[in-house]
Amino acid sequence: MAEPTAHRVVIVGGGFGGLFAAKFLRRTPVQITLIDRTNHHTFQPLLYQLATGILSEGAVAPPLREVLRRHRNVQVELGYVTGFDLQAKTVTCVRPLGAPLSVPYDSLIVAAGSGGSYFGHDEFGRFAPGMKTIDDALELRARIFGAFEMAELEEEPDAQRTWLTFAVIGAGPTGVEMAGQIAELSKRALKRNFRRIDPASAQVLLFDGGEEPLATFGDRLCAIATKEIERAGVQLRMHSRVTDVKPDAIVVQGPDGEERVACHTKVWSAGVQASPLARLLADATGASTDRAGRIEVLPDCTLPGHPEVYAVGDMMSLNRLPGVAEVAMQSGIHAARAIKHRVAHGEVSTKPFKYRDLGSMATIARFRAIVSFKGIKVGGFIGWMMWAFVHLTFLTGFKNRGIALLKWLSAFVGKSRDERTITMQQASGRIIAMGAGVKPGEEDLSRFVESQPAPEGQVRPGR
Ligand SMILES: Cc1cc2nc3c(=O)[nH]c(=O)nc-3n(C[C@H](O)[C@H](O)[C@H](O)COP(=O)(O)OP(=O)(O)OC[C@H]3O[C@@H](n4cnc5c(N)ncnc54)[C@H](O)[C@@H]3O)c2cc1C
């Protein structure tokens, strides 16, 4: 445990940047307060496996207190950060029941990540959730498995088809992974689960305005990816921009003009917007923000005029680095190392952050992935093995790695999807409401049912 008078470090965010910074400072005589709006770290790269029933939420979201239990110089606070006073050196946050909290610091690391962007159409989010948080993935899981349930209940072929059409918007890594796994569910994992519908007849459509899926991987890997996506049973719709999202349809502007695609289940994976905290820090320091709202930091990840304040990970803009986990981890460690230097030597280190590029990868379907690493480009099964090795290595917690490995064997060698619980609240509320176009906040089915005329000759039971 650090001395009460020790250097105070506040870390905002327990994602990749914040968590790796806190871990790096384990043996440094500092007092760390790590503030997060949730009680867990989120391993975002595997969220799609939570949304498609392969992994449970515990496997991808270990509790921060548990991960840091041996780090006696870390105090974890559940709170929503709302502002900073960079002159008084305090962070302001709101606790779950609304009580404000002001936390003083000597050094501050802000690693609040990013969220989805609907490019000015936030109203799309109601019917096409993104996938950034555990809440998002659980919501999507309920919608995806709920759609098959609703199709089974439906007798009218067109209505059944609407439930069995899945639209994924955005063909970057997240969109491709989601589409691939929904196709896998329908073609393989849900076989023999239903009596009236054939899940394999589901259509999985992947829309993107660009020319190729996974465009950042270059031509060779894009070509491999395109082949594998189609082989997995996903219908690729490139050059197709989604211009409107309705409860039971999307409107697409494609090469052949405008088209209305009837579907209830949509996944939005098209845009990224930095945490609003980036804007707050930019306003306070005169730093600029880029198009995605990321704050432009100095080469050492600090903010202009504030060598004690670092912005790292997805919310920082530096040397056009991508918003990936490796950048977040390495920049978090970089900030922590500079603080360690300051505590040890009493002077500020302005050493620039140097990113070590460890390549990029994306899974497409079962045993299929593409990997780009230092000029080496690999696809197919070898790519998938590399992907599996890297993700198991970085997954937080030994137990979670074991669980993930077993679940992968069971889902990919076998066919099982064990994690597909739909809660009563979701079943009676959101899924059915989704089909009925009920507004958020009015999802309680009992209220919806009561608002409908009772079938002839029947009365509704009182509550
Ligand atoms: C679906 C998906 C798949 C991905 N796949 C890959 C992949 O395969 N490989 C890869 O390298 N990268 C991948 N990424 C990107 C990678 O996950 C991010 O780059 C990384 O998580 C960024 O780390 P971070 O610490 O900056 O932010 P995050 O990990 O997002 O952490 C931010 C933390 O800050 C907290 N927070 C935010 N605002 C507040 C507030 N106001 N108050 C308190 N707490 C707050 C959040 O709760 C969160 O815990 C993926 C991302 C997504 C969404």
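Please read all numbers here as calculations on a predicted model, not as lab measurements. Just follow the structure's listing: the first ligand is 1, and inside any ligand the first atom is 1.
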Original post:
Which residues pass the ring-ring contact (aromatic ring centres under 6.0 Å, His included) test with Tyr310, sequence neighbours left out?
Top reply: none
Original post:
Who pairs with Phe353 by ring-ring contact (aromatic ring centres under 6.0 Å, His included), at least two apart in sequence or on another chain?
Top reply: His334
Original post:
Between Trp384 and Phe412, is the ring centre distance below 6.0 Å?
Top reply: yes
**OP:** Taking only heavy atoms of the protein into account, state which residues are under 4.0 angstrom from an atom of ligand 1, in chain and number order.
**Re:** Gly13, Gly14, Gly15, Phe16, Gly17, Asp36, Arg37, Gln44, Pro45, Gly79, Tyr80, Val81, Ala111, Ala112, Gly113, Met131, Lys132, Thr174, Leu277, Gly313, Asp314, Gly323, Val324, Ala325, Ala328, His391
Subject >> For Cys222 against Leu214, the heavy-atom pair lying closest together >> reply: SG-O, 3.3 Å
Subject >> Asp300 bridged to Lys351 by N-O distance under 4.0 Å >> reply: no
**OP:** With sequence neighbours excluded, give me every side chain to side chain donor-acceptor pair (under 3.5 Å) pair touching residues 108-117.
**Re:** Ser114-Asp314
